[in-house]
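Encoded as structure tokens, the structure appears first; notes follow it.
Counting from 1, the numbers follow the sequence of the chain as shown.
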Amino acid sequence: MAGLLNISEPNANNHTNTILNNKNVSYDSLATFATDATNTKQQTASKHSREQIAQLFDLPLMDLLLQAQTIHRQHFTANEVQISTLLSIKTGNCPEDCGYCSQSGHHRDTTKLQAEKRIEVDKVIAAAKRAKATGSSRFCMGAAWKHPSAKDMPYVVELVKEVKALGLETCMTLGMLDTDQAAQLADAGLDYYNHNLDTSRSYYEQVVSTRSYDERLDTIANVRNSGINVCSGNIVGMGESRDDRIDWVHELLKMPKAPESIPVNLLVPIQGTPIGDKVLAEGQLPVLEWIRTIAVTRICCPSSYVRLSAGRESLSDSEQALAFMAGANSFFYGDKLLTTGNASQSGDDRLMRELGLTKQFAAPRAPKQVPVLDAMSGHQSQVVLAE
């Protein structure tokens, strides 16, 4: 099956040592081995069918983790993690009715979340400076909007420019974007835009009704076409089936290119939200199923960052170690994720030392622009090139 490693066979490194330690080896043997290694790597990067994704989910867990970690090391530096900090720049009273979210205006009478207006630019920059000082390489900003309004765009553009000036990568999640809004953010140099699919197409109507699945895909396409890196993930544990998790991974592979960053969230059930109340009453998804989802995502999207997001604060050190073994190589720093709790930063630092994990340095994206001259007016402007 494409993309799967036979764990009963010797691994590539052992095979390499066997060949190189044999003084009688021919150049043809070395060339054959190099070709085989290249073909193996290309196989892992090929798109899996839905049937193959389902078979991955059914593997014994240790076999699945071994495959995921092997593929991870083919595409990323071993034991290196990308660290982000997330700040809510506008909290609560969102017009969307997402059944898991305390920020929805539809649930404010039961969640009692206090809405807040936009945070001033200088306060956001101060938070970004603190994030950089503690080791984050990416600063993510989220606003509880269905979509940014025209009056919001100068504000978010300024934030992107100011945060990038600090040497940090930037990410935003602001709801839906049209092509013009995506172009404005690309022109400002935004590195990543987050817009999660949340779940499968078939289960989606159980989660939200105020925005369609195709509208989510349209925003992702607008982001991709503008040249901004896509960040798009899911939330497991909302009452969906394993088939839904399989379909979500398959949906990522239907895209022209898999998202560069994939958050795999475990639902933090919030009392007062429809889905939160249901999960609190019926029981939460086992952590090992979340880890399976992370591993399958890593195998199917080998070049993407796979991020531990919501739900991490409830994990033991051993469970987090398994998640990193499954191919997760990004997580959020800080004691809070928008409105829910997160693992403590001191605890994260201790765990990274114990696991031997190192922090990745920031690599902000420079906006790709070319000058365009209007032949009629003589006006020169800049056009952002999509990757």
Side-chain angles (χ1 to χ4, degrees), residues 4-5 7 11 13 56-86 134-137 233-238 240 242 245 248-249 261-270 276 279-280 282-302 304-337 340-360:
L4 294 185
L5 302 175
I7 65 168
N11 65 44
N13 289 333
L56 285 172
F57 267 98
D58 287 338
L59 283 175
L61 182 62
M62 294 301 107
D63 294 3
L64 179 62
L65 295 183
L66 177 59
Q67 290 193 32
Q69 183 61 205
T70 301
I71 289 173
H72 171 72
R73 288 169 182 248
Q74 292 175 348
H75 295 270
F76 289 94
T77 302
N79 302 312
E80 184 179 77
V81 290
Q82 187 280 318
I83 300 176
S84 301
T85 294
L86 176 62
T134 56
S136 287
S137 61
N234 74 345
I235 305 172
V236 300
M238 296 193 293
E240 80 286 350
R242 179 177 282 186
R245 292 186 284 278
W248 167 75
V249 175
S261 179
I262 306 175
V264 184
N265 298 275
L266 176 65
L267 179 73
V268 178
I270 299 172
V279 170
L280 288 170
E282 298 178 359
Q284 294 179 252
L285 185 76
V287 168
L288 289 182
E289 183 68 14
W290 182 30
I291 290 172
R292 276 187 183 277
T293 306
I294 291 168
V296 173
T297 303
R298 165 54 66 216
I299 292 169
C300 294
C301 304
S304 304
Y305 286 95
V306 178
R307 175 179 293 158
L308 296 178
S309 299
R312 189 169 66 88
E313 78 287 350
S314 65
L315 299 186
S316 68
D317 288 353
S318 299
E319 289 167 337
Q320 289 195 69
L322 279 177
F324 290 122
M325 186 68 184
N329 63 334
S330 177
F331 66 88
F332 279 118
Y333 239 0
D335 298 333
K336 191 175 183 180
L337 294 179
T340 60
N342 191 34
S344 71
Q345 190 165 304
S346 61
D348 287 338
D349 289 337
R350 175 193 53 76
L351 183 60
M352 282 192 289
R353 286 194 302 270
E354 292 181 359
L355 297 181
L357 301 178
T358 59
K359 301 174 183 177
Q360 185 182 81

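The NE2 atom of H72 sits 5.0 Å away from the CG atom of N329 when rounded to the nearest 0.5 Å. Taken to the nearest 0.5 Å, the CZ atom of F76 stands 8.0 Å off from the CD atom of Q360. Atom CZ of R312 sits about 12.5 Å away from atom CD of E319, to the nearest 0.5 Å. Interatomic distance, CG of L357 versus CD1 of I83, reported as 8.5 Å (0.5 Å rounding). With rounding to the nearest 0.5 angstrom, the CZ atom of R353 is 8.0 Å from the CZ atom of R350. If you take CD on E289 and CD on Q284, they are separated by 14.0 Å, rounding to the nearest 0.5 Å.
Partners of F57 according to the ring-ring contact (aromatic ring centres under 6.0 Å, His included) rule, which considers only residues two or more places apart in sequence or in another chain, do not exist here.
When all heavy atoms are compared, the tightest approach of A295 to L65 is CB-CD2, 4.3 Å. Nearest heavy atom pair, residue A323 against residue I291, reads N-CD1, 4.2 Å. Summarising the geometry of A326 relative to A68, their closest heavy-atom pair is O-CB, 3.2 Å, with the distance given to 0.1 Å. Scanning both residues, I71 and R298, for their nearest heavy atoms gives CG2-O, 4.2 Å. Scanning both residues, P263 and S261, for their nearest heavy atoms gives CD-O, 3.7 Å. In terms of heavy-atom proximity, L285 sits nearest to W290 at CD2-N, 4.3 Å.
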Determine, stepwise, if the pair V236 / R292 fulfils side-chain contact (heavy atoms from CB on, under 4.5 Å). CA-CA 11 Å; V236 300; R292 276 187 183 277; over 6 Å; no
Start with the C-alpha distance between I294 and L322, add both sets of side-chain angles, then the distance that settles side-chain contact (heavy atoms from CB on, under 4.5 Å), and finish with yes or no. CA-CA 10 Å; I294 291 168; L322 279 177; over 6 Å; no
side-chain contact (heavy atoms from CB on, under 4.5 Å) between L266 and T293, intermediate numbers included: CA-CA 10 Å; L266 176 65; T293 306; over 6 Å; no
Passes side-chain contact (heavy atoms from CB on, under 4.5 Å), F324 versus L308? Steps please. CA-CA 9 Å; F324 290 122; L308 296 178; 4.0 Å; yes
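With salt bridges taken as basic N to acidic carboxylate O contacts below 4.0 Å, none links D348 and K359.
The backbone N or O of I235 lies less than 3.5 Å from no partner atom in the side chain of W248, so there is not a single donor-acceptor pair. N265 places a side-chain N or O within donor-acceptor distance of the main-chain N or O of N234, the cut-off being under 3.5 Å.
L56 places a side-chain heavy atom less than 4.5 Å from the side chain of Q67. Put simply, the side chain of D58 reaches to within 4.5 Å of the side chain of R242, judged on heavy atoms. Residues S84 and R307 meet the side-chain proximity criterion, which asks for heavy atoms closer than 4.5 Å.
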